[in-house]
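Notes for the one structure printed next.
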2 protein chains.
Amino acid sequence: MTNKLNKVNLTKSEEDYLKALFQLLIDDGLATVGNNQLAEYMNVAPASANHMVKKLKSKGYVVSEKYGKLELTEEGAAIALKLIRRHRLWETFLCDYLNFTWDEVHEVAEQLEHIKSEKLVDELDRFMDFPEKDPHGEVIPNAKGEYAIVPKVTLSSLEEGMICKLVAVNDGSVSFLKYVSEIGLALSSEIKILEVRAFDNSIRIQYDERSEAVTKKFADNVFVHVINC
Amino acid sequence: MTNKLNKVNLTKSEEDYLKALFQLLIDDGLATVGNNQLAEYMNVAPASANHMVKKLKSKGYVVSEKYGKLELTEEGAAIALKLIRRHRLWETFLCDYLNFTWDEVHEVAEQLEHIKSEKLVDELDRFMDFPEKDPHGEVIPNAKGEYAIVPKVTLSSLEEGMICKLVAVNDGSVSFLKYVSEIGLALSSEIKILEVRAFDNSIRIQYDERSEAVTKKFADNVFVHVINC
DNA sequence: TTAATTTGTTAGTCATAACTAACTTTTTTA
DNA sequence: TAAAAAAGTTAGTTATGACTAACAAATTAA
Ligand SMILES: [Mn+2]
Ligand SMILES: [Mn+2]
Ligand SMILES: [Mn+2]
Ligand SMILES: [Mn+2]
């Protein structure tokens with residue numbers, strides 16, 4: 001009980017760290033995640049992350065041995081998922097109702113996701129008629145934190161001749177999202193891999209009667225469903 | 001220039017203090033406002049308010065002499081008005097689109113008003129087609145901070161026989177708002193003062209074929225337009 | 001298998017924003 | 001007008017969450 005009370009009302013910072021750890025743990029597949037990796041992702045010094053990890057461990061959200069890899073407890077993961085749900089619902093709202101473009105929503109959603117009100121997010125969900133994906137193609141977890149796990153295949157992992165559909169993009173960088181739009185790509189675009197250059201791993205792709213060469217870094221941030229190989 | 005940069009990105013706390021001071025300065029008519037009054041309104045110790053006032057003075061938002069009364073600079077007032085605009089727009093959104101009742105909106109709006117995004121609030125305004133009043137009957141300032149000043153007459157200031165219309169309520173207390181709804185009062189209710197008891201300043205009112213006795217404290221939080229005397 | 005590098009931890013500092021306790025100034029009241 | 005009360009200020013403490021610098025452990029390379 002006192003235990004439980006200790007756990008409510010996390011700070012914005014605590015929430016962001018839990019979300020970051022969750023993203024690192026799932027986005028990088030089954031990768032292990034260390035303190036400095038978390039620090040880099042959060043744009044803070046290693047000491048800062050270390051300090052926060054200690055606190056989150058003491059609160060029962062994170063588990064790790066000294067000098068060991070970081071893991072989330074079930075409770076920690078549940079909080080992260082709630083945050084992701086809120087973040088994606090707000091992004092969807094901003095795009096679909098408030099004329100925001102997909103490169104503008106992330107920063108604002110990063111703030112909105114911390115508003116403390118269960119009713120707010122659930123009513124927002126209902127108001128939008130329970131959308132399934134956010135503007136970047138990511139699945140929105142439902143009120144129970146359930147969500148369909150879509151295996152993430154990056155455009156960069158495909159080989160010459162393969163055809164795929166753009167299903168999601170990484171929303172972390174505004175300049176990346178602008179670039180995607182500017183070269184005429186969007187969610188659901190059908191893309192064919194024309195050529196992969198071994199020299200720099202750049203890729204020439206074809207879509208909508210258009211052909212562009214993109215870097216590996218670019219292709220790493222584009223997620224696709226393979227249609228044909 | 002450096003001066004200007006120093007002034008952007010106020011903390012949530014600084015914003016709340018500026019808003020509180022603004023409310024105290026206008027709501028209490030032409031009253032003077034002191035440090036301890038501000039502290040009480042903000043639910044903090046006098047020392048805490050004093051500390052914040054110092055900071056806001058150094059940033060050019062507040063003016064006062066030592067041991068003297070507090071005033072807002074034009075810039076300080078402009079920030080307060082922006083906050084009030086955001087607060088009231090969010091309250092309106094919560095009520096009109098997300099099924100919140102008027103006693104639920106204030107707490108959430110208190111958080112939402114601090115989200116940093118000009119576009120967010122202006123688009124929200126447009127989405128709702130530029131509402132003029134919030135769910136409690138308060139005027140919403142426009143994007144320039146302009147708003148119609150409606151003289152605030154409290155129900156408690158009226159005399160026997162007077163007839164008035166309920167135009168606004170103080171949204172600070174959830175229990176008060178619940179009480180208002182429960183006895184069947186709402187915005188635009190037409191109220192007649194049946195009797196004012198000198199003993200405790202309680203008032204008997206009539207509205208919608210119904211009669212109730214309310215305390216002075218209750219009547220202090222109900223704002224009206226006098227129709228007939 | 002030692003040395004170098006990377007990774008993680010600890011200690012100490014700073015800013016924000018709260019608190020209490022002690023003090024000073026102003027205002028009120030007797 | 002002098003004492004009491006109220007209002008305002010200052011100093012010192014705490015918690016959060018950053019930082020740097022110094023250090024320890026683990027991993028990788030020579
Ligand atoms: Mn995002
Ligand atoms: Mn965030
Ligand atoms: Mn309100
Ligand atoms: Mn607020």
Side-chain angles (χ1 to χ4, degrees), chain A residues 5-21 24-25 28 31-72 76 79 83 110-111 113-114 116, chain B residues 2 5-21 24-25 28 31-72 79 83 110-111 113-114 116:
Chain A
L5 280 170
N6 194 32
K7 285 174 181 180
V8 283
N9 266 135
L10 293 163
T11 64
K12 179 186 177 304
S13 218
E14 289 170 331
E15 286 186 339
D16 278 334
Y17 272 98
L18 288 175
K19 187 173 65 137
L21 186 49
L24 287 170
L25 287 167
D28 292 358
T32 62
V33 176
N35 179 80
N36 292 9
Q37 215 177 326
L38 179 59
E40 195 189 359
Y41 190 91
M42 288 293 294
N43 280 305
V44 297
S48 306
N50 189 268
H51 191 260
M52 180 56 85
V53 164
K54 262 190 185 167
K55 206 208 305 187
L56 294 173
K57 281 171 75 174
S58 85
K59 291 195 175 186
Y61 298 124
V62 170
V63 182
S64 80
E65 282 168 35
K66 219 179 184 183
Y67 293 98
K69 295 305 167 187
L70 305 175
E71 281 180 76
L72 281 168
I79 288 166
L83 226 66
E110 203 56 50
Q111 302 175 59
E113 69 190 2
H114 301 286
K116 260 83 187 168
Chain B
T2 32
L5 281 169
N6 193 33
K7 285 175 180 181
V8 283
N9 266 134
L10 293 163
T11 65
K12 180 186 175 307
S13 219
E14 290 170 332
E15 286 185 340
D16 277 333
Y17 273 97
L18 288 175
K19 186 174 65 138
L21 186 49
L24 287 169
L25 285 167
D28 292 358
T32 62
V33 177
N35 179 79
N36 293 8
Q37 216 178 324
L38 179 59
E40 194 189 0
Y41 190 90
M42 288 293 295
N43 280 306
V44 297
S48 306
N50 189 268
H51 192 261
M52 179 57 85
V53 164
K54 261 190 186 168
K55 206 207 305 185
L56 294 173
K57 282 171 74 173
S58 84
K59 290 194 176 188
Y61 298 125
V62 171
V63 181
S64 80
E65 280 168 38
K66 220 179 185 184
Y67 294 99
K69 297 305 169 187
L70 306 174
E71 283 180 75
L72 280 168
I79 289 165
L83 226 66
E110 203 54 51
Q111 301 175 58
E113 69 189 3
H114 301 286
K116 260 85 187 165

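Sequence lines set the chain letters: A, B, ... in the order given, protein chains first and strands last, and positions in each chain run from 1.
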Side-chain N or O of B:K54 closer than 4.0 Å to phosphate OP1/OP2 of D:dG8: no
Residue-phosphate contact under 4.0 Å: A:S13 side-chain N/O, D:dT16 OP1/OP2: no
From CD (A:E110) to NZ (A:K19), nearest 0.5 Å: 3.5 Å
Atom-pair distance (CG on A:L24; C1' on C:dT7), nearest Å: 16 Å
Test item: A:K59 side-chain N/O and A:G76 main-chain N/O as donor-acceptor pair under 3.5 Å: no
Length of the CG-P vector between A:L10 and D:dA15, whole Å: 18 Å
For atom CG of B:D16 and atom P of C:dT16, their distance in whole Å: 17 Å
Atom CD of B:E14: over 12 foreign heavy atoms under 6.0 Å: yes
Nearest-neighbour nucleotide for the A:K69 side chain, C:dG8, C:dA17, D:dG8 considered: C:dG8
Under 3.5 Å donor-acceptor, B:K57 side chain and B:S64 backbone: yes
Touch class at under 4.0 angstrom, heavy-atom based, for A:K12 against every strand present: nothing
Side-chain touch A:L18/A:V62, heavy atoms, less than 4.5 angstrom: yes
Degree of bending in the helix from C:dT1-D:dA30 to C:dA30-D:dT1 once both end axes are built from five pairs, to 10°: 10°
Nearest-Å distance for atom pair CD/P, residues B:E14 and C:dT16: 8 Å
Under 4.0 angstrom between B:N36 side-chain N/O and D:dG8 OP1 or OP2: yes
Within 6.0 angstrom of A:E40 CD, more than 12 heavy atoms from elsewhere: no
Whole angstrom value for the distance that separates C1' of C:dT7 from CD of A:E40: 13 Å
Reported NZ-to-CD distance for the pair B:K69 and B:Q37, which is rounded to 0.5 angstrom: 7.0 Å
Interatomic distance, A:L38 CG vs D:dA18 P [rounded to whole Å]: 11 Å
Side-chain N or O of A:Y67 closer than 4.0 Å to phosphate OP1/OP2 of D:dC23: no
Pairwise 5' ranking along DNA chain D for B:E65 and A:T11, keeping only the more 5' one: B:E65
Side-chain heavy atoms of A:L83 within contact of A:H114, under 4.5 Å: yes
Under-4.0 Å side-chain N/O to phosphate OP1/OP2 contact, A:K66 with D:dA26: no
Interface residues of residues 43-53 of chain B with DNA chain D (non-hydrogen, below 4.0 angstrom): B:P46, B:A47, B:N50
Rounded distance [0.5 Å steps], CG in B:L10 versus CG in B:L56: 7.5 Å
Heavy-atom donor-acceptor pair, A:K12 side chain to A:Q111 backbone, under 3.5 Å: no
Nearest-angstrom distance from the residue atom CG of A:N35 to P of D:dA25: 16 Å
Separation of D:dG8 P from B:Q37 CD (nearest whole Å): 8 Å
